[in-house]
Chemist: 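Sharing a structure below in structure tokens format, with a few things to ask.
Each residue takes its place number in the sequence, starting with 1. Counting starts at 1 for both ligands and their atoms, following the listed order.
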Amino acid sequence: MTFIITTPLYYVNDKPHLGSLYTTIICDSIARYKRLRGEKVIFITGVDEHGLKIQRTALKNGVSPKEHCDKISGIFKNNWIEWDISFNKFIRTTSQEHKKVVYEFYEKVKASNDIYMGEQKGWYCVGCEEFKDNPDNSPSYKCPIHKKNLEWKNETNLFFRLSKYQGAIEELIQDPEFIEPKERRNEIINFVSKGLKDFSISRTNLDWGIRVPDNSNHTFYVWFDALLGYISAISSDDKNISLDLSIKSGWPANLHIIGKDILRFHAIYWPAMLISAGIKPPKKILGHGFLTREGQKMGKSLGNVLDPEILLNKYGKESVRWYLLKDISLGSDGDFQDRRFVDIINNDLANTIGNLLNRTTSMSRKWFNNQTPSISEKNDNEIITLANNSIKNYLNYLDNYKIDKASNEILNFATNVNLYLNKKEPWVLIKDDNNINEVKLIIYNVLEATRIIGTLIKPILPEFSNKILKQLGENDISNKDWEESLKWGLLPESIKLQQPIPIINKLDYE
Ligand code: MSP
């Protein structure tokens with residue numbers, strides 16, 4: 001079975017920001033988790049390059065749209081590589097391969113008699129690339145997301161018969177698995193209940209787009225074009241790229257991860273377009289919340305946009321991943337706070353996990369000839385039960401994409417292991433030779449629990465995980481059967497332990 005997971009295809013009006021990084025990191029951790037569970041994963045990301053917003057941005061910068069897109073797309077791709085994002089496909093909607101798929105798809109929708117020419121009048125937000133419902137019809141009405149004036153449009157456009165799919169969409173969204181979380185699903189149920197209206201899928205007066213084949217003064221509406229990137233990406237590296245080949249290679253997508261602002265496109269327009277073309281809709285849409293900074297919306301004009309590049313240099317990728325994945329409940333809005341960031345990294349990663357590893361390997365080295373202890377029996381139900389419960393909860397959370405809960409489960413386990421160590425006080429017991437076997441067992445148990453922590457944390461913090469496991473003497477970290485390695489008691493006895501070094505540096509608050 002192939003597991004297809006996607007990020008949104010990001011607009012190239014600007015380089016990546018914290019919001020795009022957030023979505024991409026969520027997808028990355030899920031993709032890594034699925035691979036560890038033995039699934040074949042196609043992790044798709046990429047860029048959305050057409051439309052009025054991009055055309056205007058290029059014009060403002062005094063370059064051609066093509067030049068602009070080449071530059072920003074390159075920045076996106078390089079950024080994701082720098083962040084160690086494990087994507088398999090990076091699709092550009094300006095590629096010839098993608099265009100071919102859009103044409104093939106359009107023909108299918110046309111053959112279903114779902115395209116017609118009509119009059120499009122309404123208020124348009126260029127930032128969202130979307131017509132907005134404007135209750136009072138006043139020109140001063142602003143986009144609630146971009147806070148910018150809407151623009152009046154009155155054009156003859158091609159329309160897609162969305163209204164025909166009212167019943168099919170109602171049926172689809174009845175399935176509680178299709179849209180998550182619940183609040184997002186309710187928004188969509190409410191919107192659909194008001195009746196779906198046909199929407200325009202072409203633009204005149206806009207050059208920067210894919211030309212509609214039989215109406216060459218029209219270009220495709222950017223969303224009609226971009227959503228198809230999820231499909232064209234699948235066979236994008238094949239010289240025989242085609243809609244059919246992509247579909248045969250694993251469609252439908254298992255999971256679209258998106259921000260809540262683009263839910264309608266993914267949960268309504270996109271499935272209806274697919275059904276019209278005789279293609280299966282995606283299996284799940286997961287809408288995450290919005291990030292603010294120190295309680296304020298991020299924006300260029302406010303001067304508080306968090307540049308991922310700066311975060312990477314200042315804090316390192318693993319710290320940022322931990323904060324975003326562990327501290328923000330997936331589906332809810334979240335706030336990025338510098339003070340909290342520093343506290344969380346120092347408490348969770350440096351103290352609770354890092355120190356546990358550090359002090360236990362130090363004790364083991366000191367008392368057992370630089371090695372892990374050898375023990376007569378491995379049974380201590382207290383800690384084994386703790387470990388097995390945490391593993392079970394963790395897998396269950398990740399199977400349901402509750403990444404924050406899964407991360408907290410690891411942390412709780414680490415806290416409990418610290419408590420176990422403090423309660424057992426091996427540093428007191430070691431003073432009496434009669435206690436040597438008991439001390440060996442305690443140290444073995446804590447080291448083994450730390451190995452489990454290092455294994456569990458792998459999809460969330462891959463580098464941090466490798467560092468923990470290396471310090472515990474594991475060398476062939478990548479080739480192991482991950483689930484198998486979660487079994488208790490696999491830490492070898494009497495193997496050499498290196499001099500411990502901090503696995504993460506403590507951060508200072510500036
Ligand atoms: N190009 C469309 C998507 C097309 S998918 C076929 C688009 N691009 S975007 O670059 O504007 O947004 C990409 C994602 O970033 C969206 O899911 C959006 O919700 C997310 N975010 C943008 N700002 C955000 C925050 N401040 N916080 C969290 N995510 C936010 O929409």
Side-chain angles (χ1 to χ4, degrees), residues 4-27 44-54 57 69 72-73 75-76 79-80 89-94 98 101-102 105 125-130 143-148 184 187 209 220-234 253 255-271 273-274 282 285-300 302 304-308 311 320 323-325 328-336:
I4 299 184
I5 178 167
T6 70
T7 72
L9 305 186
Y10 300 109
Y11 284 129
V12 291
N13 57 315
D14 212 339
K15 57 188 189 173
H17 51 70
L18 189 68
S20 28
L21 177 70
Y22 179 51
T23 326
T24 310
I25 285 179
I26 294 172
C27 289
I44 296 171
T45 189
V47 281
D48 183 355
E49 302 180 275
H50 288 129
L52 192 53
K53 170 150 86 175
I54 309 301
T57 311
C69 289
I72 307 286
S73 298
I75 295 179
F76 265 92
N79 266 232
W80 298 155
K89 305 280 178 185
F90 185 95
I91 186 74
R92 293 188 58 177
T93 57
T94 50
H98 171 72
V101 170
V102 172
F105 183 83
C125 170
V126 181
C128 297
E129 295 278 16
E130 184 182 17
C143 166
I145 297 168
H146 293 92
K147 314 277 182 238
K148 292 212 175 111
R184 300 277 123 76
E187 279 165 33
F220 282 112
Y221 171 40
V222 59
W223 274 99
F224 189 86
D225 150 4
L227 285 161
L228 279 157
Y230 294 141
I231 292 188
S232 57
I234 300 173
L255 187 59
H256 289 316
I257 305 244
I258 54 162
K260 59 182 182 178
D261 53 330
I262 53 176
L263 193 61
R264 278 185 205 174
F265 288 103
H266 286 79
I268 303 174
Y269 295 15
W270 178 224
M273 285 161 56
L274 289 164
I285 320 282
L286 192 70
H288 66 69
F290 255 55
L291 299 180
T292 47
R293 182 172 187 195
E294 311 288 347
Q296 274 195 313
K297 185 183 182 312
M298 276 179 281
K300 276 194 188 156
L302 287 165
N304 64 348
V305 176
L306 264 177
D307 183 344
L311 281 179
V320 178
Y323 184 83
L324 295 178
L325 296 175
I328 295 161
S329 160
L330 185 48
S332 312
D333 291 340
D335 194 31
F336 194 98

Chemist: State the atoms of ligand 1, each with its element, that fall below the 4.0 Å cut-off from a heavy-atom position in Ile258.
Modeler: 17 (O)
Chemist: Can you tell which of Asn13, Ile54, Val47 makes a side chain to side chain contact (heavy atoms under 4.5 Å, CB included) with Cys69?
Modeler: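 For Cys69, the side chain to side chain contact (heavy atoms under 4.5 Å, CB included) check succeeds only for Ile54.
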Chemist: Quick one: pull up CG in Leu228 and CZ in Phe105 and give me the separation to the nearest 0.5 Å.
Modeler: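 Here the interatomic distance stands at 5.0 Å.
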Chemist: For atom 16 (C) of ligand 1, which protein heavy atom lies nearest, and how many Å away is it?
Modeler: Ile262 CD1, 3.7 Å
Chemist: Atom 22 (C) of ligand 1: which protein heavy atom is closest, and how many Å away?
Modeler: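 Looking only at protein heavy atoms, the one closest to atom 22 (C) of ligand 1 is His17 CE1, 3.4 Å.
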Chemist: Check this for me: Lys15, atom NZ, are more than 12 non-hydrogen atoms of other residues, nucleotides or ligands nearer than 6.0 Å?
Modeler: no
Chemist: Any idea how Trp270 and His256 line up, ring-wise: parallel (<30°), tilted (30 to 60°), or perpendicular (>60°)?
Modeler: tilted
Chemist: What is the ring orientation for His266 with Trp223, classed by angle as parallel under 30°, tilted 30 to 60°, or perpendicular over 60°?
Modeler: perpendicular
Chemist: Considering only heavy atoms of Asp48, which atoms of ligand 1 have at least one such atom less than 4.0 Å away?
Modeler: 1 (N), 2 (C), 4 (C)
Chemist: Do you know which two heavy atoms are closest between Leu227 and Met273, and how far apart they sit?
Modeler: CD1-SD, 4.3 Å
Chemist: From atom 6 (C) of ligand 1, work out which of Tyr230, Phe265, Trp270, Phe336 has a heavy atom at the shortest distance.
Modeler: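 Considering heavy atoms of Tyr230, Phe265, Trp270, Phe336, the nearest to atom 6 (C) of ligand 1 sits in Tyr230.
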Chemist: What is the closest protein heavy atom to atom 27 (N) of ligand 1, and at what distance does it sit?
Modeler: Leu291 N, 2.8 Å
Chemist: Taking Leu286 as the fixed residue, which of Ile257, Thr23, Ile5 is the one that meets the side chain to side chain contact (heavy atoms under 4.5 Å, CB included) rule?
Modeler: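 One option only clears the test, and that one is Ile257.
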Chemist: Measuring from non-hydrogen atoms of Trp223 to any atom of ligand 1, is the shortest distance under 4.0 Å?
Modeler: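 It does; at least one heavy atom falls under 4.0 Å.
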Chemist: So is there a nitrogen or oxygen of Tyr11 less than 3.5 Å from a nitrogen or oxygen in ligand 1?
Modeler: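 Yes; the residue has a nitrogen or oxygen that sits under 3.5 Å from a nitrogen or oxygen of the ligand.
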Chemist: Out of curiosity, is Gly229 lining ligand 1, as in a heavy atom under 4.0 Å away?
Modeler: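 Distance cut 4.0 Å: Gly229 fails for ligand 1.
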Chemist: Ring centres of Tyr323 and Phe336 under 6.0 Å apart?
Modeler: yes
Chemist: Quick check on contacts: which atoms of ligand 1 are under 4.0 angstrom from a heavy atom of Gly289?
Modeler: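 So the answer, numbered in order with elements, is 28 (C).
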Chemist: Taking distance alone, with N or O pairs closer than 3.5 Å, would you say Asp261 contacts ligand 1?
Modeler: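 Right, the criterion is met.
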Chemist: Evaluate side-chain hydrogen bond (donor to acceptor under 3.5 Å, both in side chains) for Tyr10 paired with Thr24, printing each intermediate quantity in order.
Modeler: CA-CA 10 Å; Tyr10 300 109; Thr24 310; 2.7 Å; yes
Chemist: Quick check on Glu129 - does any of its heavy atoms sit under 4.0 Å from an atom of ligand 1?
Modeler: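 In this structure, Glu129 fails to qualify as a contact of ligand 1 - no heavy atom is under 4.0 Å.
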Chemist: What protein heavy atom lies closest to atom 17 (O) of ligand 1? Include the residue and the distance to one decimal.
Modeler: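 Looking at atom 17 (O) of ligand 1, the protein heavy atom closest to it is Gly259 N, 2.7 Å.
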Chemist: For Trp80 and Phe76, take the angle between the two ring planes, folded into 0 to 90°, and tell me which bin it lands in: parallel under 30, tilted 30 to 60, perpendicular over 60.
Modeler: perpendicular
Chemist: Do any N/O atoms on Ala226 end up under 3.5 angstrom from N/O atoms on ligand 1?
Modeler: no
Chemist: For a quick test of reading the model, state the closest non-hydrogen atom pair linking Gly229 to Leu9 and the distance between them.
Modeler: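 So the minimum-distance heavy-atom pair works out to CA-CD1, 3.8 Å.
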Chemist: Which atoms of ligand 1 have any heavy atom of His288 under 4.0 Å away?
Modeler: 28 (C), 29 (N)
Chemist: Tell me: protein heavy atom nearest atom 13 (C) of ligand 1, and distance?
Modeler: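 Answer for atom 13 (C) of ligand 1: Tyr10 CD2, 3.4 Å.
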Chemist: Can you tell me if Cys128 contacts ligand 1 (heavy atom of the residue under 4.0 Å from the ligand)?
Modeler: no
Chemist: Can you tell me the protein heavy atom closest to atom 3 (C) of ligand 1 and the distance?
Modeler: Leu9 O, 3.3 Å
Chemist: In Å and rounded to the nearest 0.5 Å, what is the CD to CG distance from Glu129 to Asp48?
Modeler: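 Rounded to the nearest 0.5 Å, the CD-CG separation comes out at 8.0 Å.
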Chemist: Give a yes/no on ligand 1: does Lys297 have at least one heavy atom closer than 4.0 angstrom to it?
Modeler: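 Under 4.0 Å: no for Lys297.
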Chemist: Side chain or backbone, does Phe290 bring an N or O within less than 3.5 Å of an N or O on ligand 1?
Modeler: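 N/O-N/O distance below 3.5 Å does not exist for this pair.
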